[in-house]
Asks: 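The structure under discussion is supplied below as structure tokens; questions concerning it will follow.
Heads up: numbering here begins at 1 and tracks the sequence. Owing to the predicted nature of the structure, the values given are computational and were not obtained by experimental measurement.
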Amino acid sequence: MNLTVQALCKQTPNLDSQKFIDPKLTADGQARASVSLTRLETLWFNTGTLCNLHCDNCYIESSPTNDRLSYLNATEVGVFLDESSESDLPVQTIGLTGGEPFMNPDIVPILERILMDDLKALVLTNGMRPMMRHEKALMKLRAHFGDRLIVRVSIDHYTEMLHEMKRGPGSWAPMIKGLKFLSDNGFALHAAGRTAWMESEADLRAGYADLFAAEDIAIDAQDPAMMVLFPELDDTIEVPEITKACWDILKINPDAMMCATARMVVKRKGDDRATVVPCTLLPYDERFTMGRSLADSTGAVPLNHPHCTRFCVLGGGSCSS
């Protein structure tokens with residue numbers, strides 16, 4: 001699809017407005033699928049939606065001006081870590097996403113708090129200047145906590161041209177510089193790409209492997225945990241609602257969905273306290289606000305949003321490592 005047609009489609013989406021309304025029933029009256037929390041493996045914190053880039057098709061619409069989710073501080077993060085450690089909801093990994101997490105002025109204290117609690121910290125970043133401003137602090141964290149600090153860098157394509165088509169001119173070289181800094185200094189390093197391109201997964205992984213070999217980057221592109229490929233979240237494309245019957249039809253186990261093992265903490269602009277939502281994909285939709293504590297967030301999640309279909313059920317995606 002060329003850019004002109006694509007832009008036109010985004011202006012005039014032809015979507016069924018009756019879908020994804022009732023949390024219990026689909027538009028045609030069938031029982032909507034839901035996902036129960038089986039255990040809390042990953043607790044995500046959105047550190048704020050401000051970002052140094054304005055990427056095409058960012059699922060959370062991060063940009064230099066989007067402050068719909070406020071910066072979290074280390075004290076606010078600590079409240080949820082304390083609750084987890086003192087309850088029957090122990091967590092293994094803490095994920096930090098944004099926006100660009102390294103723009104959060106409290107990012108280093110947040111990482112210190114997580115790592116000192118003997119947890120893994122997975123940070124999602126574009127690997128550019130905001131991250132490199134913390135070079136010395138990151139080296140200290142690496143020295144003290146080793147591979148419990150995991151950094152996942154977004155690389156939308158293995159070529160400069162297509163990466164910059166999504167992330168803007170001049171975004172490639174700083175990302176490569178950040179990637180090499182992390183690799184050269186022995187960080188636990190992962191990457192995240194996109195499947196928006198007319199390429200097979202095998203071809204994408206081969207392309208990333210060539211890039212990593214050429215730049216001497218210590219990432220195994222064939223390892224799906226180290227090189228994550230995310231499905232697109234194009235909200236102009238019609239998707240089906242997921243019914244209870246779909247699990248058997250699609251031969252998918254609901255326990256494999258992200259919201260079966262994860263929750264995310266957000267602080268919406270104007271709120272005095274953070275709240276918990278089911279996952280990283282639904283930070284703004286207040287229908288998915290589950291409460292102000294982890295204990296409030298243990299209920300089943302109705303798959304009442306197009307992203308549930310696009311990303312998780314049919315896309316097979318998960319932000320967790």
Asks: Partners of Ala173 by side-chain contact (heavy atoms from CB on, under 4.5 Å), sequence neighbours excluded?
Replies: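 Ala173 satisfies side-chain contact (heavy atoms from CB on, under 4.5 Å) with no residue once adjacent residues are dropped.
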Asks: Just to verify, what does Ala121 make a side-chain contact (heavy atoms from CB on, under 4.5 Å) with, not counting sequence neighbours?
Replies: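 Ala121: side-chain contact (heavy atoms from CB on, under 4.5 Å) contacts with Leu111, Ile114, Leu115, Leu149.
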Asks: Could you tell me whether the side chain of Thr93 and the main chain of Lys120 form a donor-acceptor pair under 3.5 Å?
Replies: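 Side chain of Thr93 to backbone of Lys120, a donor-acceptor pair under 3.5 Å: no, none is there.
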Asks: Can any side-chain N or O of Asn126 pair as donor or acceptor with the backbone N or O of Ser154 at less than 3.5 Å?
Replies: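 Checking the backbone N and O of Ser154 against the side chain of Asn126, no donor-acceptor pair under 3.5 Å is found.
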Asks: Hey, could you give me each pair passing side chain to side chain donor-acceptor pair (under 3.5 Å) that has a residue in residues 293-302? Not counting sequence neighbours.
Replies: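 Every pair satisfying side chain to side chain donor-acceptor pair (under 3.5 Å) with a residue in residues 293-302: Ser293-Asp296.
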Asks: Are Leu211 and Leu189 co-members of a hydrophobic cluster defined by side-chain heavy atoms under 4.5 Å apart?
Replies: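 Yes; tracing contacts between hydrophobic side chains, which count when under 4.5 Å, links both residues.
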Asks: In this structure, is the centre-to-centre distance between the rings of Tyr59 and Phe311 below 6.0 Å?
Replies: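 That pair fails the under 6.0 Å test.
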Asks: Quick check: do Arg263 and Leu40 have side-chain heavy atoms less than 4.5 Å from each other?
Replies: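 Contact flag for Arg263/Leu40 side chains = yes.
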Asks: For Asp28, what residues pass the side-chain contact (heavy atoms from CB on, under 4.5 Å) criterion, not counting sequence neighbours?
Replies: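 For Asp28, the residues satisfying side-chain contact (heavy atoms from CB on, under 4.5 Å) (neighbours in sequence not counted) are Thr26, Gln30.
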Asks: So, are Asp22 and Lys24 salt-bridged, with charged N and O less than 4.0 Å apart?
Replies: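 No salt bridge links Asp22 with Lys24.
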Asks: Any side-chain heavy atom of Trp44 sitting closer than 4.5 Å to one from Val265?
Replies: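 No, too far: nothing below the 4.5 Å cut-off.
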Asks: Is the shortest heavy-atom distance from the side chain of Val91 to the side chain of Ser84 under 4.5 Å?
Replies: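 Heavy-atom side-chain distance check passes, below 4.5 Å.
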Asks: Just to verify, which of Met165, Glu164, Arg194 counts as forming a side chain to side chain contact (heavy atoms under 4.5 Å, CB included) with Asp156?
Replies: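 Going through the options one by one, the only one that passes is Arg194.
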Asks: Quick one: pull up CG in Leu89 and CG in Leu43 and give me the separation to the nearest 0.5 Å.
Replies: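 Reported to 0.5 Å precision, the distance equals 9.5 Å.
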Asks: A side-chain contact here means heavy atoms from C-beta on lying under 4.5 Å apart; do Val313 and Leu250 qualify?
Replies: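 A side-chain contact exists here, since the closest heavy-atom pair is under 4.5 Å.
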Asks: Side chains of Leu303 and Val35: does their closest heavy-atom pair fall under 4.5 Å?
Replies: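 With C-beta onward as the side chain, the pair touches.
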Asks: Please table the atom pairs, donor to acceptor, closer than 3.5 Å between any side-chain atom in residues 174-188 and protein atoms at least two apart or in another chain.
Replies:
{"residue": "Lys180", "atom": "NZ", "partner": "Glu215", "partner atom": "O", "Å": "2.8"}
{"residue": "Ser183", "atom": "OG", "partner": "Ala218", "partner atom": "N", "Å": "2.9"}
{"residue": "Asn185", "atom": "ND2", "partner": "Phe181", "partner atom": "O", "Å": "2.8"}

Asks: Locate the shortest heavy-atom distance separating Cys279 from Met264; write the atom from each residue and the value.
Replies: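 Closest approach of Cys279 to Met264: O-CE, 3.6 Å.
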Asks: Look up atom CE in Met116 and atom CG in Leu141, then write down how far apart they are to the nearest 0.5 Å.
Replies: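 Reported to 0.5 Å precision, the distance equals 9.5 Å.
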Asks: Tell me, yes or no, whether the heavy-atom count around Arg129 atom CZ, taken from other residues, nucleotides or ligands under 6.0 Å, exceeds 12.
Replies: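 No, CZ of Arg129 has 12 or fewer neighbouring heavy atoms, counting only those of other groups under 6.0 Å.
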Asks: Can you list every salt bridge (charged side-chain N to carboxylate O under 4.0 Å, His left out) pair that touches residues 106-118, not counting sequence neighbours?
Replies: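 The answer is Asp82-Arg113, Arg113-Asp117, Asp118-Arg148.
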Asks: Same hydrophobic cluster for Val108 and Leu81, using side-chain heavy-atom links shorter than 4.5 Å among ILVMFWY?
Replies: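 Same cluster: Val108 reaches Leu81 through Ile, Leu, Val, Met, Phe, Trp or Tyr contacts under 4.5 Å.
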Asks: Does Thr243 use its side chain to pair, donor to acceptor, with the backbone of Ala31 at less than 3.5 Å?
Replies: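 Side chain of Thr243 to backbone of Ala31, a donor-acceptor pair under 3.5 Å: no, none is there.
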Asks: For the residue pair Val276 and Arg292, what are the closest heavy atoms and their distance?
Replies: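 Nearest heavy atoms, Val276 then Arg292: CG2-C, 4.5 Å.
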Asks: Which pairs pass side chain to side chain donor-acceptor pair (under 3.5 Å) with one or both residues in residues 264-274, sequence neighbours excluded?
Replies: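 Qualifying pairs, neighbours excluded: Asp67-Lys269, Glu76-Lys267, Arg268-Thr289.
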Asks: Taking the side chain as C-beta and beyond, is there a heavy-atom pair between Met227 and Leu204 under 4.5 Å?
Replies: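 Side chain of Met227 against side chain of Leu204, heavy atoms only: no contact under 4.5 Å found.
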Asks: What residues, two or more places apart in sequence or in another chain, satisfy salt bridge (charged side-chain N to carboxylate O under 4.0 Å, His left out) together with Asp88?
Replies: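 Expected list: none.
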Asks: Val266 and side chain to side chain contact (heavy atoms under 4.5 Å, CB included): which single residue from Thr47, Asn46, Thr280 fits?
Replies: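 Of Thr47, Asn46, Thr280, side chain to side chain contact (heavy atoms under 4.5 Å, CB included) with Val266 is met by Asn46 alone.
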Asks: Tell me, do Leu96 and Ile110 make a side-chain contact under 4.5 Å, heavy atoms counted?
Replies: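 With C-beta onward as the side chain, the pair touches.
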Asks: Given 3.5 Å as the limit, does a donor-acceptor pair link the side chain of Ser36 with the main chain of Thr38, or not?
Replies: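 Pair absent, no side-chain N/O of Ser36 close to backbone of Thr38.
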Asks: If you look at every heavy atom in Ala274 and Leu72, which pair is closest and at what distance?
Replies: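 Closest heavy-atom pair between Ala274 and Leu72: CB-CD2, 4.1 Å.
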Asks: State whether the side chain of Glu100 and the backbone N or O of Leu53 hold a donor-acceptor pair below 3.5 Å, judged by distance alone.
Replies: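 Checked: no pair found.
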Asks: Within the structure provided, determine whether Cys55 and Lys166 are in side-chain contact (heavy-atom separation under 4.5 Å).
Replies: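 No - every pair of side-chain heavy atoms lies 4.5 Å or more apart.
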Asks: Applying ring-ring contact (aromatic ring centres under 6.0 Å, His included) as the test, list every pair that has at least one member in residues 150-179; sequence neighbours left out.
Replies: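 As it turns out, the ring-ring contact (aromatic ring centres under 6.0 Å, His included) pairs with a partner in residues 150-179, which skip direct neighbours, are His157-Trp197, Tyr158-Tyr208, His163-Trp172.
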Asks: Short question: side chain of Thr309, backbone of Pro240 - any donor-acceptor pair under 3.5 Å?
Replies: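 Side chain of Thr309 to backbone of Pro240: a pair is present.
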Asks: Between Ile60 and Tyr284, which heavy-atom pair has the shortest distance, and what is it?
Replies: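 Closest approach of Ile60 to Tyr284: O-OH, 2.7 Å.
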Asks: With rounding to the nearest 0.5 Å, note down the distance linking CD in Glu61 to CG in Asn66.
Replies: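 The CG atom of Asn66 is 6.5 Å from CD of Glu61, to the nearest 0.5 Å.
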Asks: Ignoring hydrogens, what is the shortest heavy-atom contact between Cys51 and Gly99? Give both atom names and the distance.
Replies: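 Heavy atoms only, the tightest pair is CB-CA, 4.1 Å.
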Asks: Tell me every residue that passes side-chain contact (heavy atoms from CB on, under 4.5 Å) with Ala27, counting only those two or more places apart in sequence or in another chain.
Replies: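 Residues passing side-chain contact (heavy atoms from CB on, under 4.5 Å) with Ala27: Gln18, Lys19, Glu241.
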Asks: Are the side chain of Ser34 and the backbone N or O of Pro302 linked by a donor-acceptor pair below 3.5 Å?
Replies: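 Between the backbone of Pro302 and the side chain of Ser34 there is no qualifying donor-acceptor contact (under 3.5 Å).
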Asks: Please list all pairs passing the ring-ring contact (aromatic ring centres under 6.0 Å, His included) test where one or both residues lie in residues 92-141, with sequence neighbours left out.
Replies: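 Checked against ring-ring contact (aromatic ring centres under 6.0 Å, His included) - neighbours excluded - the pairs reaching residues 92-141 are Phe102-His134.
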Asks: Got a sec, which pairs hit salt bridge (charged side-chain N to carboxylate O under 4.0 Å, His left out) with one end in residues 216-231, sequence neighbours left out?
Replies: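 Every pair satisfying salt bridge (charged side-chain N to carboxylate O under 4.0 Å, His left out) with a residue in residues 216-231: there are none.
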Asks: Compare every heavy atom of Thr125 with every heavy atom of Gly127, then report the nearest pair and how far apart it is.
Replies: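 Smallest heavy-atom distance, with atoms named: N-OG1, 3.0 Å.
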